[in-house]
Amino acid sequence: MTAVLLLLLASAITGLATGLIFRVWTLLLVSPATAILTATVLQISGFGFWTGIPIVVGCLIAGQLAYLAATFYLHRGELSMQDDIDGEPGEHGHRDIKNENE
């Protein structure tokens with residue numbers, strides 16, 4: 001049980017680090033490495049194939065959720081729904097649109 005919790009924690013930390021430092025394309029390298037490392041540790045710890053699959057999937061999900069949390073944290077000022085609700089262009093909007101109502 002300790003190995004499972006440590007693997008989940010390590011996956012979450014890896015996802016956070018990836019989200020804070022790298023771009024989304026890095027997940028193409030990090031996710032398979034996480035799955036292989038998790039499967040190896042579980043095999044050494046004596047877990048069977050069918051009991052290891054949900055743990056590997058859980059580690060991958062923990063890493064992805066941590067990546068999303070880090071990404072939302074970094075871009076929290078840019079992800080505003082208010083720009084769409086009030087109709088006013090935000091800092092990325094275009095104010096020089098001609099003939100908008102035609």
Side-chain angles (χ1 to χ4, degrees):
M1 189 58 158
T2 304
V4 174
L5 293 175
L6 287 175
L7 287 171
L8 286 170
L9 180 65
S11 297
I13 290 172
T14 304
L16 278 173
T18 305
L20 292 173
I21 298 171
F22 300 109
R23 299 214 181 247
V24 70
W25 303 111
T26 310
L27 288 176
L28 291 173
L29 300 173
V30 171
S31 293
T34 300
I36 291 170
L37 180 69
T38 302
T40 304
V41 169
L42 289 174
Q43 186 68 32
I44 291 171
S45 297
F47 284 87
F49 179 76
W50 294 109
T51 52
I53 289 175
I55 299 169
V56 171
V57 170
C59 287
L60 290 173
I61 290 172
Q64 299 289 324
L65 290 176
Y67 175 84
L68 283 175
T71 303
F72 282 133
Y73 175 75
L74 283 178
H75 302 290
R76 66 187 176 274
E78 301 171 10
L79 299 173
S80 175
M81 291 299 212
Q82 185 177 3
D83 293 339
D84 293 332
I85 292 172
D86 66 3
E88 294 294 321
E91 61 185 59
H92 301 294
H94 302 285
R95 296 189 185 276
D96 59 346
I97 299 175
K98 297 179 181 177
N99 302 327
E100 182 178 330
N101 295 327
E102 290 183 18

Quiz prompt | Steps toward side chain to side chain contact (heavy atoms under 4.5 Å, CB included) verdict (Y67, V24) | solution = CA-CA 9 Å; Y67 175 84; V24 70; 3.3 Å; yes
Self-check item: Point-to-point distance, once rounded to the nearest 0.5 Å, from OG1 of T51 to CZ of F49
Solution: 10.0 Å
Exercise. Please round to the nearest 0.5 Å and tell me the distance separating atom SG of C59 and atom CG of L42.
Key: 7.0 Å
Quiz item: Are L8 and L60 grouped together when hydrophobic residues (ILVMFWY) are joined by side-chain heavy atoms under 4.5 angstrom apart?
Solution: yes
Distance-only donor-acceptor pairs under 3.5 Å for side chains of residues 13-21, two or more places apart:
from, atom 1, to, atom 2, distance (Å)
T14, OG1, A10, O, 2.7
T18, OG1, T14, O, 2.7

List the atom pairs, with distances to 0.1 Å, where a side-chain N or O of residues 29-39 and a protein N or O form a donor-acceptor pair under 3.5 Å, not counting sequence neighbours.
from, atom 1, to, atom 2, distance (Å)
S31, OG, L27, O, 3.2
S31, OG, Q64, NE2, 2.9
T34, OG1, V30, O, 2.8
T38, OG1, T34, O, 2.7

